[in-house]
A.B. asks: 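Sharing a structure below in structure tokens format, with a few things to ask.
Here is the naming used below: chain letters follow the sequence lines, and residue numbers restart at 1 for every chain. Scope of the values below: all heavy atoms of this structure, side chains included, with no hydrogens, waters or symmetry mates. All figures in this text were calculated on a predicted structure; none of them were measured in a lab.
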Amino acid sequence: MIDLKYIQNNFEEASLRLQKKGVDTSTLEKLKILFSSLKEANATLESMKAEQNSMSKLFGQYKREGKDISELKAKVDANKEAMVPAQEKARNAEEALYAVALAIPNFPDDSVPNGADEDDNVEIRKVLEPRSFEFKPKEHWELSEINGWIDFERGVKLAKSRFAILKGEASRLERALINFFLDMNRQKGFEEYSVPFINNATMLQGTGQLPKFGDDLFKIEDEDLYLIPTAEVPLTNMYNDEILSEKELPLLMTGYTPCFRKEAGSAGRDTRGIIRQHQFNKVEMVAIAHPDKSDEVFELMVQNASDILTALGLPHRLVELCGGDLGFSAATTIDLEVWLPGQNQYREISSISNTRDFQARRAKIRFKDGKKNRLVHTLNGSSLAVGRTIVAIMENYQNEDGTIDIPEVLHKYM
RNA sequence: CGGGAGAUGUCAGAGUGGUCGAAUGUGCCGGUCUUGAAAACCGGUGAGGGUAAUACCUCCGGGGGUUCGAAUCCCCCUCUCCCGGCCA
């Protein structure tokens, strides 16, 4: 969540910053009004409560002294009755405020480029030269057919569209990749975790998926539980509502999980192949960092993801997202896009974000800074999306007859 | 899924209607003592909101209720532990 006090005290600046992310001033205006009316309602209610408390204390005193309490009781009863509407007002004000506040995205960093959508993203650099083919490279679903790697039809039969089955060598490749990614992350200092794939609503709110993006989540029937859309949710929220000591920062975590997404609003996009599935595997990095150190950690994460692609011999580029393409919780994001010769384009394979204190404020993750408690910075990034890495290997390592070579670094894993 | 017990500050653990944001111990921070450390002794030490700073408000698993007043009484829920069932 964004800092409401900051909005109140620096409205113009806040409004300008959020415009980059497409939030219009009227929404912020509304938020500001709701915030002041909450403060006003609370002030009224609290002074009534204070009065009630002091009268109640007197009550006890009078009784002990054997004094007459009928007059006091009348006063106290009247005040109590008067408190009911004040209470109602304060509760409504709070509800109204959070309904708006929780749906406002994070401030983008000042360094984030302006822009409306992915066309305005800024390429930072390319890594590795795409190989030149003496034949027309095939797309991964064509290669799948030749090698019998992916069973789309039976995946759909088991669940529904956008589910698939990996078979034989493809399945073993997936397992190898997961292990390879985790090992690479561990070498960079990320501690490995195996976490629940189902989390409750509080945690989803902590990282920003709820309440606004509930439509993208698979919910467990009759339970306050959801299938996780990314390991970012459980890893970050491990420290939900905790106060850390400064010396344990930064916490660097990694974990493999399947991810479940409804892909609402993606109808018609990437319907062929396994680029966009309702269930996919991913190895994730999450960091909880001191606010002054989160930029360093961010660099480490970006470099690590890029190094993994390089080790696999996969050409890729780093792209800085513009304001309009930035995710809800992110203050800054760098995407890694891998070269797909079959598609003849770069496609997203990793997304690394610094959310600053946005998630920390929602999830109440703090650290002791001397005597004070301060919000941490949280960061997350894929290292990497497993399914898309398989696609990238298929297309980049294909031979003219459709067979696929396995990258050198993976040999010991298969 | 059925039966029983419980949920209080870092942890342990008192507290059954007002003087309780909460005894005591422990941990942590600071000090005295010491060449230094330990021990001993002294002091400090929960979270959120509010304020210029005080006041002040909220929080004893969560929600509701009784009462002038609730950690304490009542109801619902969640979780933990023990016993049984089921099961990788």
Side-chain angles (χ1 to χ4, degrees), chain A residues 1-10 31-98 100-102 194-206 210-211 219-226 234 237-249 251 258 357-376:
Chain A
M1 202 167 74
I2 51 176
D3 186 349
L4 296 174
K5 271 190 216 165
Y6 170 77
I7 291 193
Q8 203 178 42
N9 299 327
N10 309 276
L31 186 69
K32 193 182 166 189
I33 291 166
L34 287 169
F35 187 44
S36 347
S37 48
L38 173 64
K39 282 177 79 169
E40 202 185 302
N42 271 340
T44 309
L45 177 64
E46 280 177 16
S47 70
M48 290 173 101
K49 274 186 179 168
E51 203 182 333
Q52 190 76 356
N53 288 343
S54 68
M55 282 194 288
S56 289
K57 269 191 188 136
L58 259 189
F59 201 100
Q61 196 185 315
Y62 279 20
K63 269 199 134 172
R64 253 175 281 124
E65 293 167 357
K67 286 188 186 164
D68 177 37
I69 52 167
S70 54
E71 193 185 329
L72 183 61
K73 176 149 170 57
K75 266 170 76 179
V76 118
D77 283 344
N79 190 55
K80 195 186 179 188
E81 206 168 312
M83 264 167 52
V84 173
Q87 220 141 16
E88 184 76 0
K89 198 173 165 191
R91 228 194 54 205
N92 290 340
E94 186 170 333
E95 249 170 53
L97 174 68
Y98 283 104
V100 175
L102 286 171
S194 182
V195 294
F197 303 158
I198 295 175
N199 282 193
N200 63 46
T202 305
M203 303 305 127
L204 273 302
Q205 181 172 304
L210 287 178
K219 188 177 191 302
I220 310 290
E221 193 175 11
D222 295 329
E223 303 262 11
D224 183 37
L225 296 169
Y226 299 80
N237 282 295
M238 278 184 9
Y239 297 96
N240 191 297
D241 200 17
E242 292 196 22
I243 300 170
L244 302 158
S245 73
E246 186 173 349
K247 60 174 182 278
E248 54 190 318
L249 301 179
L251 288 160
D357 62 10
F358 185 81
Q359 291 180 327
R361 186 172 292 103
R362 288 176 162 246
K364 301 192 273 290
I365 308 174
R366 295 145 293 169
F367 73 101
K368 276 258 178 261
D369 187 17
K371 286 205 79 128
K372 281 222 159 97
N373 296 327
R374 253 177 97 187
L375 295 169
V376 297

A.B. asks: Have a look at Ile243(A) and say if it touches a base, only the backbone sugar-phosphate, or nothing, with a 4.0 Å heavy-atom cut-off.
C.D. replies: sugar-phosphate

A.B. asks: Please confirm whether the shortest side-chain N or O distance from Arg366(A) to OP1 or OP2 of A47(B) is below 4.0 Å.
C.D. replies: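 For A47(B), OP1/OP2 do not have a side-chain N/O of Arg366(A) under 4.0 Å.
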
A.B. asks: What integer distance in Å separates Arg362(A):CZ from G48(B):P?
C.D. replies: 19 Å

A.B. asks: Under 4.0 Å, heavy atoms only, any strand: does Gln52(A) hit a base, just the sugar-phosphate, or nothing?
C.D. replies: sugar-phosphate

A.B. asks: RNA chain B: Lys368(A) or Asp77(A), which has the more 5' nearest nucleotide?
C.D. replies: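 In this pair, the answer is Lys368(A).
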
A.B. asks: Show the nearest heavy-atom pair for residues Phe35(A) and Leu97(A), with the distance to one decimal.
C.D. replies: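 Phe35(A) and Leu97(A) have their closest heavy atoms at N-CD1, 3.7 Å.
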
A.B. asks: Looking at C68(B), I'd like to know if its phosphate oxygens (OP1 or OP2) sit under 4.0 Å from a side-chain N or O belonging to Lys73(A).
C.D. replies: yes

A.B. asks: Output the rounded distance in Å from CG (Leu72(A)) to P (G18(B)).
C.D. replies: 18 Å

A.B. asks: Partner of A12(B) by Watson-Crick or G-U wobble geometry, both contacts under 3.5 Å, or none?
C.D. replies: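 By the stated definition (distances under 3.5 Å), U24(B) pairs with A12(B).
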
A.B. asks: Please check this pair: side chain of Lys80(A) against backbone of Val84(A), looking for a donor-acceptor N/O pair closer than 3.5 Å.
C.D. replies: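 No; zero donor-acceptor contacts below 3.5 Å.
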
A.B. asks: G50(B) phosphate, OP1 or OP2: any side-chain N/O from Lys5(A) under 4.0 angstrom?
C.D. replies: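 True: Lys5(A) side-chain N/O within range (under 4.0 Å) of G50(B) OP1/OP2.
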
A.B. asks: Lys372(A) has an atom NZ; how far is it from atom C1' of A47(B), in whole Å?
C.D. replies: 15 Å

A.B. asks: Give none if G2(B) has no partner; otherwise give the nucleotide forming a Watson-Crick or G-U wobble pair with it, both distances under 3.5 Å.
C.D. replies: C83(B)

A.B. asks: Nearest-Å distance, CG (Leu4(A)) to P (G48(B))?
C.D. replies: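 One finds 16 Å between P of G48(B) and CG of Leu4(A), rounded.
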
A.B. asks: Counting any heavy atom closer than 4.0 Å, what does Lys39(A) reach on the DNA or RNA strands: base, sugar-phosphate only, or nothing?
C.D. replies: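 If one applies the 4.0 Å heavy-atom cut-off, Lys39(A) turns out to touch the sugar-phosphate alone, with no base involved.
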
A.B. asks: In Watson-Crick or G-U wobble terms, both distances under 3.5 Å, what is the partner of G30(B)?
C.D. replies: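 By the stated definition (distances under 3.5 Å), C42(B) pairs with G30(B).
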
A.B. asks: In whole angstrom, give the distance that lies between atom CD of Glu40(A) and atom C1' of C56(B).
C.D. replies: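 Checked: the CD to C1' distance equals 17 Å.
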
A.B. asks: Please tabulate the protein-to-nucleotide N/O contacts below 3.5 Å involving nucleotides 57-66 of chain B, giving atom names and distances.
C.D. replies:
{"residue": "C57(B)", "atom": "OP1", "partner": "Asn53(A)", "partner atom": "ND2", "Å": "2.8"}

A.B. asks: Taking CG from Asp68(A) and P from C68(B), how many angstroms apart are they, rounded to a whole number?
C.D. replies: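 Distance check: Asp68(A) CG to C68(B) P gives 15 Å.
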
A.B. asks: How far does CG of Asp357(A) sit from CD1 of Ile2(A), to the nearest 0.5 angstrom?
C.D. replies: 10.5 Å

A.B. asks: Given that both distances must come in under 3.5 Å, which nucleotide forms a Watson-Crick or G-U wobble pair with U54(B)?
C.D. replies: none

A.B. asks: Any pair with a residue in residues 240-249 of chain A that passes salt bridge (Lys or Arg N to Asp or Glu O under 4.0 Å), sequence neighbours left out, goes on the list, sorted by first then second residue, please.
C.D. replies: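 Matches after skipping sequence neighbours: Asp241(A)-Arg366(A).
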
